[in-house]
There are 2 protein chains.
Amino acid sequence: MTRTADPAQGPRTRVVDELREAIIRGRYGPGDSLSEVVLAEIHGVSRTPIREALKQLQVEGLVEVRSRVGTFVRRPSRREVVELFQIKEMLEGLGARLLALRGEVAETALLRENLLRSAHAARDRDVEAYSPSVHEFHDLIVRGADNTRLAHHYRQLTNQLAYPRLVTASLRRPGRLEASLGEQRAVFDRVVEKDGFGAEWAMRDHVRALEREVMMATAADPLRDRRDP
Amino acid sequence: MTRTADPAQGPRTRVVDELREAIIRGRYGPGDSLSEVVLAEIHGVSRTPIREALKQLQVEGLVEVRSRVGTFVRRPSRREVVELFQIKEMLEGLGARLLALRGEVAETALLRENLLRSAHAARDRDVEAYSPSVHEFHDLIVRGADNTRLAHHYRQLTNQLAYPRLVTASLRRPGRLEASLGEQRAVFDRVVEKDGFGAEWAMRDHVRALEREVMMATAADPLRDRRDP
DNA sequence: CTAGCTTCTGTTGTATACAAGAAGGCGAGG
DNA sequence: CCTCGCCTTCTTGTATACAACAGAAGCTAG
């Protein structure tokens, strides 16, 4: 779920992973220009591997290359965020359904532990601790589905959404944290009951709630510009 | 829905489209080696654009590059076909739901015409005429959803499935052609009724039926090897 | 005859040089 | 002061040269 190719295959693989990570983490903000020569110097390689890495990130939807002008970090428009959430709902719904049908597997145990940690963080109103936990929850659902293509498409999706930042923002809304935990518990219950479609719908409801909160949390603040430390 | 970038931007765009088309059409069969120098000569360019095109096709899942060995046309395993159909079900279900909620748009009219053509072909038991028609039906559903990210992911999906060939194979099974038409009509009826979830489920049922037929039609014949004219 | 090593060929990976175009600055003319 | 046009500069796009490695063929020794 973390990387797309065999590890340490060459400079190219390393560069593309580092670049993707940097963009997702916010090291490069939306609109920033990614000069090939600058990146080449930074990573200590020539333009060629950088170029191929940028091309790959373009297909993944993270950057936009304007011919003979430059490569820029892409910022999803508000409309695009809506579109991505609609797809996210379907893919995670599928993940939950497939996981439910698999019965007790490694991921179910991990989900149990994850929900315990989330409950702790929720009781303490600790958004900083809860945020990565919810991220892990969604990740476990999809990984537990045991569908490699789903994992692939899902990763592209979350990359484009700059997911962590959005979720953190939405969790600060009052009451959302408790509601989120309740929704996740509902999904988990359906999963252990092997109720495939029940799990799918619980998951979809959860994603819809998440979308609603994210859109409201970012209503006036249109996925802000430039970088910000 | 056809191309991924601006048209005629440069040799690279042309090459990647031609290559993709050639692979999907079966000009290069699964397992065939795609030598960069050979392709460069064929397309009259240097290795560089070819290389970038192949890298893009790799991300799209059409080819597999083995480091310092070669690039080969990827053949989806049986397991992978199942995985892809599971995702296809969700994405097309989403498309049908979104289209239904949009009400009367250009695509609905096109769908009406498409169903008429399909009915004609079905009456004549003309699989060769029906096959592209069913392809168009699915395409119109997704395009009509007016969700660019959905269209993007969907295209990757169908590319990997070598969709046309599989569908054609499945339609030859007795009775499948009529059943397919009935399922498509059900989807269309829900769409015109603006019944979003009804449309989603009708579409998902249709895709499931399609998957079942495809898997049975290719049961003993494991997505055959090499090229075949 | 066979096992193991060597070499050799073919492939991709990387670096670099050059070409073509876009964007912005700068000056002349109104 | 504004506007138009040129021109400079910076960017990416393409071609090519070289390096590194995989894989197979062939050779040698036992």
Side-chain angles (χ1 to χ4, degrees), chain A residues 3-20 22-23 28-75 225-227, chain B residues 3-20 22-23 28-75 226:
Chain A
R3 48 192 59 241
T4 170
D6 9 13
Q9 177 176 294
R12 189 183 97 83
T13 309
R14 180 172 52 80
V15 165
V16 70
D17 283 337
E18 287 178 9
L19 263 178
R20 180 169 34 222
I23 294 175
Y28 301 107
D32 279 3
S33 134
L34 300 175
S35 166
E36 295 179 358
V37 290
V38 173
L39 291 176
E41 288 173 2
I42 292 178
H43 291 82
V45 294
S46 93
R47 269 183 58 207
T48 311
I50 299 288
R51 237 184 116 58
E52 300 196 346
L54 290 177
K55 281 288 154 51
Q56 176 163 343
L57 294 180
Q58 176 192 26
V59 178
E60 291 183 11
L62 278 176
V63 305
E64 173 189 7
V65 306
R66 289 198 290 168
S67 197
R68 288 171 215 278
V69 175
T71 303
F72 306 90
V73 178
R74 200 153 150 39
R75 188 242 314 273
D225 235 321
R226 284 295 150 198
R227 84 189 65 168
Chain B
R3 46 194 61 240
T4 171
D6 9 12
Q9 176 179 294
R12 188 182 98 83
T13 309
R14 180 173 52 81
V15 167
V16 71
D17 284 336
E18 287 178 8
L19 264 179
R20 182 169 34 222
I23 293 175
Y28 301 106
D32 279 3
S33 138
L34 300 175
S35 167
E36 294 179 358
V37 290
V38 172
L39 291 177
E41 289 174 2
I42 291 178
H43 291 81
V45 294
S46 91
R47 270 182 58 208
T48 311
I50 300 289
R51 241 184 112 59
E52 300 195 345
L54 289 177
K55 281 288 153 52
Q56 175 163 343
L57 294 180
Q58 177 192 26
V59 178
E60 292 183 11
L62 278 176
V63 305
E64 173 189 7
V65 305
R66 289 197 292 168
S67 196
R68 288 173 214 277
V69 175
T71 304
F72 306 90
V73 178
R74 200 151 156 15
R75 188 240 316 271
R226 286 295 151 198

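Convention: sequence-line order gives letters A, B, ...; per-chain numbering from 1.
Taking atom CD1 of residue A/I50 and atom P of nucleotide D/dG13, one finds them 14 Å apart after rounding to whole Å. Per the geometry, CZ belonging to B/R14 stands 15 Å off P belonging to D/dG13, to the nearest Å. Straight-line distance from the CZ atom of B/R12 to the C1' atom of D/dT14: 12 Å, rounded to whole Å.
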Between protein and nucleic acid, restricted to nucleotides 6-12 of chain C and to nitrogen or oxygen atoms under 3.5 Å apart, what atom pairs and distances do you find?
unit_1	atom_1	unit_2	atom_2	d
C/dT12	OP1	B/L34	O	3.4
C/dT12	OP1	B/E36	N	3.3
C/dT12	OP2	B/E36	N	3.4
C/dT12	O3'	B/R68	N	3.4

Could you list all N or O pairs between the protein and nucleotides 7-9 of chain D that sit under 3.5 Å apart?
none

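The closest side-chain heavy-atom distance from A/R47 to A/V37 is below 4.5 Å. Using a 4.5 Å heavy-atom cutoff, the side chains of B/E60 and B/I23 are not in contact. Side chains of A/K55 and B/K55 form no contact here, defined as non-hydrogen atoms less than 4.5 Å apart. Residues A/L39 and A/L54 are in side-chain contact: their nearest non-hydrogen atoms beyond the backbone lie under 4.5 Å apart. Side-chain contact between A/R20 and A/D17: present, with at least one pair of heavy atoms (C-beta onward) separated by less than 4.5 Å. Side-chain atoms of B/E18 and B/I42, non-hydrogen and from C-beta on, never get closer than 4.5 Å to each other.
To the nearest 0.5 Å, atom CZ of residue A/R14 and atom NE2 of residue A/H43 are 7.0 Å apart.
When the side-chain contact (heavy atoms from CB on, under 4.5 Å) test is applied to B/E41, no partner is found at least two apart in sequence or on another chain.
Put simply, B/S46 has a side-chain N or O that comes within less than 4.0 Å of OP1 or OP2 on D/dA15.
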